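Structure first, commentary second.
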Amino acid sequence: MKAITVEPGRAASARLEEVAEPDAREGSVLVEAVAVGVCGTDVEIVDGNYGWAPPGASRLVLGHESLGRVIDPGTSGSLAPGDLVVGIVRRPDPVPCPSCAVGEWDMCRNGRYTERGIKQIHGFMSERWRVEPEYAIKIDRSLGLLGVLLEPTTVVTKAWEQVTAVGQRAFWEPCNVLVTGAGPIGLLAALLGTQRGLDVHVLDRMESGAKPALVRALGATYHAGAIADVGFAPDIIVECTGAGAVIADAIKHVASGGIVCLTGVGTGGRVGSLPIADVAADVVLRNNVVVGSVNANKRHWYKAGAALARADRGWLAGLVSRSEPPEQFARALQREPDDIKVVVRFADV
Ligand SMILES: [Zn+2]
């Protein structure tokens with residue numbers, strides 16, 4: 001079968017090639033790939049800056065945002081041929097640490113977790129893949145191709161759970177949320193904000209195009225510019241850019257008692273000579289919390305599936321902005337101005 005593979009650590013090593021059928025040890029559920037979403041992590045891996053091949057192998061099958069159709073449900077009691085499924089990305093570390101031991105592998109303490117298509121387990125960019133029944137999430141059939149949005153939705157589902165957990169440390173009645181960054185993560189964070197009944201605002205650099213239109217179609221407010229200019233102090237800021245200046249502004253402008261949830265992973269981003277003790281004093285005096293959130297566990301995958309199933313299909317379809325065949329995977333990894341979520345398309349739904 002055909003697969004898109006890469007030699008981690010070596011730039012420009014990605015290629016579409018013929019590989020063996022998936023190993024039965026990868027799980028009893030056999031799946032035909034429908035689509036795989038691409039994100040910044042895939043670009044980092046293809047650029048040779050991230051990623052690990054499975055033990056004893058030199059190449060890794062790329063792809064972690066899956067959508068497939070069950071060919072053989074294996075030992076799964078609940079799946080049937082033809083069901084649409086998405087594979088969970090992370091597996092607990094082998095020790096396991098206390099978090100992994102209770103199924104919260106997203107909170108892994110020792111970093112020895114593995115991840116499909118990223119860290120030591122093959123990903124989903126192959127014509128067929130296998131998955132353990134307990135790591136296969138069945139999605140609402142009416143979502144069709146939009147099921148490929150499940151993985152990024154799990155990331156924001158966890159982020160919202162973190163925000164809620166932190167908020168409930170005291171009396172808390174949030175009215176509004178500002179999401180910084182209108183990429184797939186930001187837009188899905190905004191969707192979940194509207195599902196929670198909040199007044200949702202989204203800030204990005206783009207002044208026109210699909211992003212402002214998608215935000216307005218949610219019933220949310222779009223802002224192009226700086227956080228200082230949005231005209232209110234947000235109760236919650238979900239930060240999805242990873243840009244130093246935006247993070248600094250988020251911490252500075254969040255409301256008293258407010259929460260800044262960081263989901264973006266950037267580098268550098270030095271912001272002038274930020275007086276860190278003054279920043280901390282403000283955070284202390286205003287009871288602010290800055291919390292980081294990464295990955296997702298099975299509870300978040302389940303809740304994300306329910307959130308997508310509730311969402312407007314037309315709006316979700318607007319997020320999948322481009323689809324490329326496997327032969328054109330390199331084009332899928334190249335960022336174009338109007339891209340939101342680009343997918344590699346293996347088969348029709
Ligand atoms: Zn762990």
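All values below come from the heavy atoms of this structure, side chains included, with hydrogens, waters and symmetry mates left out. We count ligands from 1, going down the list as the structure has it; atoms in each ligand are counted the same way. No experiment lies behind these values; they were computed from the predicted model shown.
- Grouped with Tyr302 in a hydrophobic cluster is no other residue, since no side-chain heavy-atom contact under 4.5 Å to another Ile, Leu, Val, Met, Phe, Trp or Tyr is found.
- Applying the ring pair (Phe, Tyr, Trp, His ring centres under 6.0 Å) rule to Trp105 yields the partners Tyr135; only residues at least two apart in sequence or on another chain are considered.
- Using a cut-off of 4.0 Å between Lys/Arg side-chain N and Asp/Glu carboxylate O, Glu134 and Lys298 are scored as not salt-bridged.
- For Asp249, there are no salt bridge (charged side-chain N to carboxylate O under 4.0 Å, His left out) partners at least two apart in sequence or on another chain.
- At a threshold of 4.5 Å between side-chain heavy atoms, the hydrophobic network of Ile, Leu, Val, Met, Phe, Trp and Tyr places Leu150 and Leu84 in one connected group.
- Around the Zn ion (ligand 1), the protein contributes the following N, O or S atoms at distances under 2.8 Å: Asp93 OD2, Cys97 SG, Cys100 SG, Cys108 SG.
- Relative orientation of the Phe124 and Trp129 rings is perpendicular, given thresholds of 30° and 60° on the angle between their planes.
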